[in-house]
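Notes follow once the structure below has been shown.
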Amino acid sequence: MDKLRQHAGKILLSGTGALLVLSMVTLGASLLSNGPSVEDTQADAAVQKLEGNLGDARAKLATQHTALLAQLPGMDIERVNRDRAAGRSLLLSLTDSSASTRTVKEQQVLLDARYRFLGHKSRVLTRFVPEWMTATGAAKGAGTTYTLADPDIDVSRVQGLKYSYTGVARLDPVRVGPDQGSAAMSEFVVFTYSTSQDSAVTSLDAYRASSETRDALAAASEEQLSLKPTG
């Protein structure tokens with residue numbers, strides 16, 4: 001049991017720093033509760049509220065942690081590791097469209113055929129993909145290429161054989177398309193997904209952080225990096 005508790009602590013509390021992790025939990029909870037109708041302004045408001053009351057946010061995180069610990073006897077830690085890898089792979093497939101030479105429609109068709117759980121009416125296809133490709137320059141040809149930093153992915157719910165996750169990923173530009181000049185900045189994607197027993201993804205939603213949310217998350221990430229020991 002002690003070993004499982006140590007693993008659970010790493011799964012739930014690891015990340016790029018207190019503010020980034022707490023932002024993820026607050027944003028993820030908002031997205032999961034409100035679904036596809038959530039707008040960027042609501043996400044920004046959640047971050048601002050979080051920044052103004054970190055004490056309450058930490059208390060909420062501790063409560064979630066305690067709830068997960070209570071479920072540990074039935075939690076498959078190895079599966080969680082596989083599910084997190086599946087989430088990273090899926091996120092890469094979505095965000096790689098920033099460097100694609102395909103049209104938005106072609107990219108939607110490709111993802112719809114590759115991931116049957118999305119469906120042609122999925123918000124990922126109808127909103128995230130076009131917004132992402134437009135923002136990163138891909139809608140005008142090959143846009144910006146990004147490298148994916150290690151994303152924060154935490155268990156948000158365990159319901160029988162269904163595991164649900166909330167994540168925040170930072171993507172840093174490594175090559176900028178001709179239409180973007182040198183103005184490309186790091187992007188953040190908030191995403192939620194669920195898996196079945198074999199770690200197959202059964203549902204997915206993704207949101208590109210607005211400029212205000214992105215700046216807040218970037219500042220928190222940079223601050224955390226500056227606080228890391230150099231020795």
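- Using the six-membered ring where Trp is involved, Tyr115 and Phe117 have ring planes that are tilted, between 30° and 60° apart.
- In this structure, OG1 on Thr202 lies 11.5 Å from CG on Leu161, to the nearest 0.5 angstrom.
- Taking the centre and axis of the six-membered ring of Tyr165, the NZ or CZ atom of Arg84 falls outside the cone set by 45° and 6.0 Å.
- Between the side chains of Asp172 and Thr147, no donor-acceptor pair is found at a separation under 3.5 Å.
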Can you give the donor-acceptor pairs under 3.5 Å from side chains of residues 104-113 to other protein atoms, not counting sequence neighbours?
| residue | atom | partner | partner atom | Å |
| --- | --- | --- | --- | --- |
| Glu106 | OE1 | Thr103 | N | 2.9 |
| Gln107 | OE1 | Ser100 | OG | 3.3 |
| Gln107 | OE1 | Arg102 | NH1 | 3.4 |
| Gln108 | NE2 | Leu125 | O | 2.6 |

- Going through the distances and angles, do Tyr163 and Gln197 end up as a side-chain contact (heavy atoms from CB on, under 4.5 Å)? CA-CA 8 Å; Tyr163 285 27; Gln197 188 175 14; over 6 Å; no
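- Residues Asp96 and Tyr146 have side chains not in contact (no heavy-atom distance under 4.5 Å, counting atoms from C-beta outward).
- The only option from Lys162, Arg82, Arg79 that meets the side chain to side chain donor-acceptor pair (under 3.5 Å) definition with Thr195 turns out to be Arg79.
- The closest donor-acceptor contact from the side chain of Ser98 to the backbone of Thr144 lies under 3.5 Å.
- The backbone N or O of Leu91 sits less than 3.5 Å from a side-chain atom of Thr95, completing a donor-acceptor pair.
- Formation of a donor-acceptor pair under 3.5 Å by the Trp132 side chain with backbone atoms of Ser97 is not found in this model.
- No donor-acceptor pair closer than 3.5 Å links the side chain of Arg208 to the backbone N or O of Phe128.
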- Task: Begin from the C-alpha positions of Leu171 and Phe188 and carry the test side-chain contact (heavy atoms from CB on, under 4.5 Å) through to its verdict.
- Result: CA-CA 6 Å; Leu171 297 107; Phe188 286 87; over 6 Å; no
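- Minimum heavy-atom separation, Val124 to Leu204: CG2-O, 3.6 Å.
- Partner of Thr166 under the side-chain contact (heavy atoms from CB on, under 4.5 Å) criterion, out of Asp154, Thr192, Val155, Asp152: Thr192 alone.
- In terms of heavy-atom proximity, Ser199 sits nearest to Ala86 at O-CB, 4.0 Å.
- Listed for the Tyr193 side chain is no donor-acceptor partner under 3.5 Å among the backbone atoms of Leu90.
- Rounding to the nearest 0.5 Å places CG of Asp83 at 11.5 Å from CD of Glu78.
- The backbone N or O of Glu131 sits nowhere less than 3.5 Å from a side-chain atom of Thr134 that would complete a donor-acceptor pair.
- Looking at Ser164 and Ser156, their side chains never bring a donor and an acceptor atom within 3.5 Å of each other.
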